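The shown structure was predicted, so the numbers you read here are calculated from the model rather than taken from an experiment. To find a chain, count down the sequence lines: A is the first, B the second, and so on, and within it residues start at 1.
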2 protein chains.
Amino acid sequence: MLNQTEALDRTFHALSDPTRRGMVKRLSRGPASVGELAKPLDMSLPAVLQHLEVLVACGLVRTEKIGRVRTCRIAPAAMKTAEQWITERRATWERRLDRLGEYLAEQHEGGKR
Amino acid sequence: MLNQTEALDRTFHALSDPTRRGMVKRLSRGPASVGELAKPLDMSLPAVLQHLEVLVACGLVRTEKIGRVRTCRIAPAAMKTAEQWITERRATWERRLDRLGEYLAEQHEGGKR
DNA sequence: GCGATAGTTAAGCAGATGCTTAACCAAACC
DNA sequence: GGTTTGGTTAAGCATCTGCTTAACTATCGC
């Protein structure tokens, strides 16, 4: 099992590359073979494989080989971890800004009287 | 102005490092000086500055120098861009899985009759 | 069996990252 | 005006990334 910090490291790192985001985008619409993933990309097949490995290593993608074809599909759980981290941060600062807003409003109220 | 792809590259990359996520986490709770950001971290001040630069470059953090202290605060907009990308992907695959679910349910219905 | 197809492994390389130390600058303090 | 405090710049270095090409393996279709 991957610890939380390392999981986030890997997931955000995986998403920081446009090629990998493209692959995730493609797979969001449905499963695809390695070849199908590679077709729109302007790079060698081994390069595509390496990107795929990164996506698999962080759990964003699962793959399964049947015959000579490897089929790739999205595994939503890893994405949820990343999403959740962002959501938590937002919750924290929004709460804080709300409090600040209330405070300023009160100040203003006070000034009007 | 940064184009969308490059903005996502930079933002996800910035978030892929635990030190930088720590800084963002700290700043979510409120503004801090460079020194305050550095205090809990086990690394030199220049290293902290370099992490801070990454966060500023992708727009996750704004800074302002008054006298000799530089105050840092988060700038929520960049985070929203990243969050939105994830949300869009999720929308796509959830729609797809829903359709798939309906299809399977229909199949099942059909089988029962 | 034999060639075409789909993917895999290995080695190597240019450039980016994440640190370090050393030297430096400017506001604040006394 | 000299010293501390808070931050900055520059240079250097080990490691990691994202590719490449070359060589290889395992099916599939005939």
Side-chain angles (χ1 to χ4, degrees), chain A residues 2 5-27 30-73 82, chain B residues 2-3 5-27 30-73 78 82:
Chain A
L2 231 50
T5 298
E6 208 174 311
L8 286 168
D9 288 4
R10 289 189 196 217
T11 305
F12 281 128
H13 169 77
L15 293 176
S16 75
D17 183 280
T19 301
R20 287 192 291 262
R21 281 201 309 278
M23 291 167 76
V24 168
K25 202 165 178 176
R26 166 64 189 80
L27 292 175
S33 70
V34 172
E36 282 164 359
L37 280 182
K39 199 170 296 173
L41 301 175
D42 184 24
M43 73 182 63
S44 69
L45 207 54
V48 175
L49 257 292
Q50 283 167 36
H51 282 300
L52 186 58
E53 262 171 45
V54 172
L55 291 171
V56 169
C58 72
L60 277 170
V61 168
R62 282 181 309 109
T63 77
E64 181 192 16
K65 191 163 183 176
I66 297 175
R68 62 182 168 176
V69 172
R70 179 175 296 280
T71 302
C72 312
R73 55 191 85 234
Chain B
L2 230 50
N3 89 57
T5 297
E6 207 174 314
L8 286 169
D9 288 3
R10 290 190 194 214
T11 304
F12 280 127
H13 172 245
L15 292 176
S16 75
D17 182 279
T19 301
R20 286 191 292 261
R21 281 201 308 279
M23 291 167 76
V24 168
K25 203 166 178 176
R26 166 64 188 82
L27 291 176
S33 71
V34 171
E36 281 164 359
L37 280 182
K39 201 169 295 173
L41 301 175
D42 186 25
M43 73 181 62
S44 69
L45 206 55
V48 175
L49 258 289
Q50 282 167 38
H51 282 300
L52 186 58
E53 261 170 46
V54 172
L55 291 171
V56 169
C58 71
L60 278 169
V61 169
R62 283 181 307 111
T63 77
E64 180 191 17
K65 191 164 184 176
I66 297 175
R68 63 184 169 176
V69 352
R70 178 174 297 279
T71 301
C72 314
R73 54 191 88 233

Between atom CD in Gln50(B) and atom P in dA16(C), what is the gap in whole Å?
15 Å

How many angstroms lie between CG in Leu60(A) and CG in Leu52(A), if you round to the nearest 0.5 Å?
11.0 Å

Among dA4(C), dT8(D), dC19(C), the one nearest Arg70(B) by side-chain distance:
dT8(D)

Could you state the atom-to-atom distance from CG of Leu55(A) to P of dT17(D) in whole Å?
14 Å

Whole-Å distance separating the CG atom of Leu52(B) from the P atom of dG18(C):
14 Å

If you check the Met43(B) side chain, which of dC19(C), dC19(D), dG18(D) turns out closest?
dC19(C)

Is there a donor-acceptor contact under 3.5 Å from the side chain of Arg20(A) to the main chain of His13(A)?
yes

In terms of side-chain heavy atoms of Leu45(A), which of dG7(C), dT8(D), dG18(D) is nearest?
dG7(C)

Val34(A), nearest nucleotide to its side chain (from dT8(C), dG18(D), dC19(D)):
dT8(C)

In whole angstrom, what separates Asp17(B)'s CG from dT17(D)'s C1'?
15 Å

Give a yes or no on whether the backbone of Val34(A) and the side-chain of Arg70(A) come within a donor-acceptor separation of less than 3.5 Å.
no

Measure NE2/His13(B) against P/dC16(D) and give the value in whole Å, please.
14 Å

Can you measure Arg20(B) atom CZ to dC19(C) atom C1' for me and round it to whole angstrom units?
12 Å

Whole-Å gap separating P (dG7(C)) and CG (Leu37(A)):
9 Å

Proximal nucleotide (of dT17(C), dT21(C), dT8(C)) relative to the Ser44(B) side chain
dT21(C)

Of the listed nucleotides dG18(C), dT20(D), dG7(D), the one nearest the side chain of His51(B)
dG18(C)

Arg10(B) side chain vs Gly59(B) backbone, donor-acceptor pair below 3.5 Å
no

Looking only at the side chain of Val69(A) (C-beta and beyond, no hydrogens), which of the listed nucleotides dC19(D), dG7(D), dA6(C) gets closest?
dA6(C)

Smallest heavy-atom separation, Leu15(B) atom then Arg21(B) atom, equals O-NH1, 2.8 Å

Atom-to-atom span, CG of Leu49(A) to P of dT17(D) - whole angstrom:
17 Å

Ignoring the backbone of Arg68(A), work out which of dC28(D), dC19(D), dA27(C) is nearest its side chain.
dC28(D)

Pro46(A) has its side chain closest, among dT8(C), dG7(C), dT17(C), to dT8(C)

Please figure out whether Ser16(A) or Gly35(B) has its closest DNA chain D nucleotide nearer the 5' end.
Gly35(B)

I want to confirm an ordering. Mapping Val54(A) and Ile66(A) to their closest nucleotides on DNA chain D, which one lands closer to the 5' end?
Val54(A)

